[in-house]
2 protein chains.
Amino acid sequence: MNIGMAAKRSGLTVKTVRYYANIGMVVPAQDGRTGYRDYSEDDVARLQFIGKARRFDFSIDECRELLSLYDDQDRSSSEVKALTLEKIKAIDAKLAELQSLRDQLNFLAKTCHGDNRPDCPILDALKGG
Amino acid sequence: MNIGMAAKRSGLTVKTVRYYANIGMVVPAQDGRTGYRDYSEDDVARLQFIGKARRFDFSIDECRELLSLYDDQDRSSSEVKALTLEKIKAIDAKLAELQSLRDQLNFLAKTCHGDNRPDCPILDALKGG
DNA sequence: GCTTTACCTTCCCCTTGGGGGAGAGTTTAT
DNA sequence: ATAAACTCTCCCCCAAGGGGAAGGTAAAGC
């Protein structure tokens, strides 16, 4: 099938699907005369797989790893689990960082009276050491 | 002072300080003969201000806004507060998104036995509709 | 058969926030 | 005098594509 259909079926944009072909993630057959890409059902399945993994915040390189595990019939589930646990750890770190940031900003916003007077504790906090 | 000192005093890299000069955020005086940038104390204060705001997850454009409020002696603190509240809202949204992601991944990791058998619920989840 | 419209292709520039390094000039220390 | 450290500009690089131009192709309407 053509790229438009493959995009629709995988829930990705044509640009994205073309990008994945360019970087060697999902390389479809190609018509020699027209140059049109020709996606198989398996290609679409792989695109869907990548789409989901991306939504789970896996990077392109991590998707590549997952994909090779997905392709490897002899893989052990422990490898996939390890990758997933690592990703969870990274998300936890990001969560903690954002939470701390949120708390600090919230504190500043609370102490700022937010009226027409020019003095502002938020700016003071950014200014001060 | 030279850029190296300004960078050290503001806790930024030379590259970053030069970048801020290029995009017009902190444009120092410049020696006509050598072309060396010449940072004043005020420039350093502004660099420090930006450094902190960046650590608070404000984008470059948001830093620009904050900086112009910082420069404006007649500003009202409400403007700064509004910007900060918006940023908090954005952080909250990101937090919720990451939390949901974390929960889903955690569920998958829990159901995955993680041994040498090739079947893996995580990959199945990525594969399935 | 012809034309319009919808797809497809490659190519190049744009984004965020800088990092890395080349090649050349300057200043400082030895 | 020379070596080290610093500075300058210029250019390419990262992630993960998006936007759009210029041109070829296919399907559908008349």
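Throughout, a chain's letter reflects where its sequence line sits, starting with A, and its residues are numbered from 1. In this text, all values refer to a predicted model and were calculated from it rather than measured experimentally.
- A salt bridge links A/Arg9 to A/Glu41: at least one charged side-chain nitrogen sits closer than 4.0 Å to a carboxylate oxygen.
- The residue among A/Thr34 and B/Tyr39 whose nearest nucleotide of DNA chain D is located toward the 5' end is B/Tyr39.
- In this structure B/Tyr36 satisfies the ring-ring contact (aromatic ring centres under 6.0 Å, His included) test with no other residue, sequence neighbours excluded.
- Not counting sequence neighbours, the partners of B/Arg117 by the side-chain hydrogen bond (donor to acceptor under 3.5 Å, both in side chains) test are B/Asp115.
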Tabulate atom names and distances for all N/O pairs under 3.5 angstrom spanning the protein and nucleotides 3-7 of chain D.
residue : atom : partner : partner atom : Å
D/dT7   : OP1  : B/Gly4  : N            : 2.6

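- For residues 82-103 of chain B, there are no ring pair (Phe, Tyr, Trp, His ring centres under 6.0 Å) pairs, not counting sequence neighbours.
- Among residues two or more places apart in sequence or in another chain, the ring-ring contact (aromatic ring centres under 6.0 Å, His included) test is passed with A/Phe58 by none.
- Residues that satisfy the side-chain hydrogen bond (donor to acceptor under 3.5 Å, both in side chains) test with B/Arg75, not counting sequence neighbours, are absent from this structure.
- Applying the ring pair (Phe, Tyr, Trp, His ring centres under 6.0 Å) test to residues at least two apart or on different chains, none of the pairs has a partner in residues 85-127 of chain A.
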(message) Using a 4.0 Å heavy-atom cut-off to protein, can you give one letter per nucleotide of nucleotides 11-17 of chain D, 5' to 3': B if the base is in contact, S if only the sugar-phosphate is, - if neither?
(response) -----BB
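- Nucleotides of DNA chain C with any atom under 4.0 Å from a heavy atom of chain B span, from 5' to 3', C/dG17 to C/dT27.
- With sequence neighbours left out, A/Phe49 forms a ring-ring contact (aromatic ring centres under 6.0 Å, His included) with A/Tyr70.
- With sequence neighbours left out, A/Tyr20 forms a ring-ring contact (aromatic ring centres under 6.0 Å, His included) with no residue at all.
- Atom CZ of A/Arg33 and atom P of D/dG24 are 14 Å apart (whole Å).
- By the side-chain hydrogen bond (donor to acceptor under 3.5 Å, both in side chains) test, B/Lys81 is found to be paired with no residue, residues two or more places apart in sequence or in another chain being considered.
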